[in-house]
Amino acid sequence: MDSQQEPLINSSGDYVPDLDAGSEVDHNGKASLKQSPGLFIWLLTLSAGISGLLFGYTVPVMVVGRSIVGAAVGAASFVVPLYIAELAPAAFRGRLVTVNILFVTLGQVVAYIVGWIFAEHGSRGTGWRWMVGLGALPAVLQTVLVVSMPETPRWLVKAGRRDTAREVIRKVTGTVKDAAKTVEMTLKNIEIEVREEEEARRVSGRRHHTGGLLSWVGPLEELFAVRRNRRALAIACLLQGLQQLCGFNSLMYFSSTIFTMLGFSIPTLTSLVVAITNLIFTIAALLSVDRIGRRRILLYSIPFMIIGLLLSAYGFSFVKLSTDDTTTTVAKPSAQHAALLILFSIMIYVAAYAIGLGNVPWMQSELFSLSVRSTGSGLATATNWGANFIVGLTFLPLMDALTPSWTFTLYAIVCAVGLSLVWKYHPETSGLSLEEAASLLEDDSWGVRTR
Ligand SMILES: O[C@H]1[C@H](O)[C@@H](O)[C@H](O)[C@@H](O)[C@H]1O
């Protein structure tokens with residue numbers, strides 16, 4: 001497999017199903033997260049994909065296998081944060097969505113370790129099959145757990161199952177002070193929003209197809225026809241696009257290639273440093289995102305990403321490299337300081353990413369009102385995987401064509417543009433109920449207080 005096939009296999013398929021999954025969950029009371037056939041399709045595709053990777057002997061079969069796994073992962077990456085956001089109490093929503101990302105980053109660390117163990121000690125012929133096959137274990141665990149999970153209260157209210165919705169809210173609220181009052185208020189807010197949306201739809205004359213193949217048309221129309229929905233979509237896609245176009249996953253996919261070029265003796269272990277930094281700072285985000293706020297945490301962290309990228313660009317200007325990953329070009333001793341500088345600046349970049357851009361975009365569902373929440377989140381997730389695909393495919397060619405220094409500078413420019421757009425358009429949504437957060441985008445300043 002050459003360096004061009006590798007990113008193709010890495011990203012193929014991940015963004016394909018998100019739109020579909022979006023309409024599956026919007027459903028207007030006809031399907032649900034748990035009962036939907038989506039779950040079973042997801043499981044089937046995941047098993048089929050993993051089998052393709054396990055038993056495939058040619059690159060095309062592997063691309064197909066990886067695409068199928070990608071389809072399942074794409075759907076899950078959008079449904080899981082949406083489900084968490086709809087279920088979580090406002091004060092903990094950011095933290096709970098970040099728990100999901102924490103497990104993603106933990107999974108990445110485990111994957112690196114498994115990869116390293118099989119690369120060092122496994123058989124050359126079959127070791128890689130174990131690497132991909134072991135991915136089935138967490139999927140099976142997830143399947144077992146999903147069966148016992150409740151529907152979200154918002155879906156239940158829309159489906160006319162008010163008492164069950166109250167029961168779920170009660171369970172989630174627990175025994176906090178004034179719990180009974182909180183439960184009734186939450187339920188009332190959801191009901192008001194559902195009623196207002198039905199009323200708005202009636203006035204505008206828009207009709208939603210309930211269920212069936214065309215169930216995605218109504219929410220899609222409404223997403224583009226209503227100003228606040230368009231704004232929500234613009235912000236969600238901006239963040240998801242930025243999360244990938246800032247270049248982070250080129251480090252995830254190619255850090256061992258980069259560290260080999262820099263002359264580190266065990267590049268897989270050095271890459272592990274990247275994954276572990278990501279994990280540790282995602283924990284920091286978990287502890288602070290609801291307190292600091294989504295907007296502020298992005299405004300504080302993206303400048304450090306820019307600094308990290310520019311420092312690496314500077315470091316790369318001292319090292320002469322070849323991006324051909326089949327040959328190991330050991331850097332001269334004079335370049336060793338530059339290599340350490342690059343490692344250090346990459347860690348600054350990764351830490352800053354993990355605190356902000358790594359997780360805030362996944363809180364996208366709080367920007368959308370209920371009727372378009374899953375369609376909007378689906379489109380934004382598709383933007384994420386689309387951008388991921390582009391970055392995976394272009395990283396090595398860019399390193400060749402522009403030099404590593406300019407490639408990292410380019411990512412810094414993307415971050416700077418993103419930072420200014422976040423400053424201008426991203427409102428603070430932390431601590432607000434989903435209903436309050438979505439209504440922020442009504443006003444002309446997009447809910448942004450720039451002071
Ligand atoms: O939020 C996650 C996380 O930051 C991962 O580390 C990254 O690989 C994913 O692309 C991103 O969506």
Side-chain angles (χ1 to χ4, degrees), residues 6-7 9-15 17-18 21 66 69-70 72-82 84-85 94-113 115 135 138 236-256 258 271-286 289 294 297-298 301-302 304-305 308 346-347 349-365 377-395 411 414-415 418:
E6 193 181 326
I9 290 182
N10 269 332
S11 338
S12 48
D14 286 335
Y15 60 102
D18 305 323
R66 180 61 183 83
V69 173
V73 171
S77 71
F78 134 80
V79 174
V80 174
L82 175 68
I84 296 174
R95 238 171 292 177
L96 289 172
V97 172
T98 308
V99 168
N100 176 42
I101 304 303
L102 183 66
F103 277 88
V104 171
T105 55
L106 178 66
Q108 288 172 328
V109 171
V110 172
Y112 270 112
I113 296 175
C237 289
L238 161 73
L239 288 193
Q240 290 288 18
L242 187 60
Q243 185 190 75
Q244 298 300 325
L245 295 177
C246 69
F248 175 79
N249 278 313
S250 25
L251 294 183
M252 278 289 150
Y253 301 151
F254 302 111
S255 53
S256 90
I258 298 173
S271 306
L272 195 57
V273 171
V274 172
I276 290 177
T277 309
N278 192 20
L279 173 68
I280 291 175
F281 282 86
T282 304
I283 298 175
L286 180 76
V289 68
R294 295 34 166 172
I297 214 163
L298 286 173
S301 60
I302 299 175
F304 285 97
M305 290 174 67
I346 283 181
M347 282 169 69
Y349 165 75
V350 171
Y353 171 88
I355 292 232
L357 263 187
N359 60 78
V360 176
W362 293 117
M363 294 163 205
Q364 58 195 3
S365 56
S377 305
L379 273 174
T381 305
T383 309
N384 178 301
W385 287 112
N388 174 294
F389 184 70
I390 293 171
V391 165
L393 212 59
T394 54
F395 179 66
Y411 291 145
V414 171
C415 288

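Just so you know, these numbers come straight off a predicted model, no measurement behind them. Just follow the structure's listing: the first ligand is 1, and inside any ligand the first atom is 1.
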Nearest atoms (heavy-atom pairs only) where L298 meets L357: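 Answer, listing the atom of L298 first, then L357: CD2-N, 3.8 Å.
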Which atom of C246 lies closest to which atom of C415, heavy atoms considered: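 Shortest heavy-atom separation between C246 and C415 comes out as CB-SG, 3.6 Å.
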First-shell residues of ligand 1 [heavy atom, distance under 4.0 Å]: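 Shell around ligand 1 (4.0 Å, heavy atoms): I101, T105, Q108, Q243, Q244, F248, N249, N278, Y353, G358, W362.
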For F248, ring pair (Phe, Tyr, Trp, His ring centres under 6.0 Å) partners two or more places apart: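 Partners of F248 by the ring pair (Phe, Tyr, Trp, His ring centres under 6.0 Å) criterion, ordered by chain and then number, come out as Y353.
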Which residues share a ring pair (Phe, Tyr, Trp, His ring centres under 6.0 Å) with Y411, sequence neighbours left out: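 Result, ring pair (Phe, Tyr, Trp, His ring centres under 6.0 Å) vs Y411: none returned.
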Set of side-chain contact (heavy atoms from CB on, under 4.5 Å) partners for I113, sequence neighbours left out: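 With sequence neighbours excluded, I113 shows a side-chain contact (heavy atoms from CB on, under 4.5 Å) to V109, I117, L272, given in chain and number order.
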Test item: S255 side-chain N/O and S271 main-chain N/O as donor-acceptor pair under 3.5 Å: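 Between the backbone of S271 and the side chain of S255 there is no qualifying donor-acceptor contact (under 3.5 Å).
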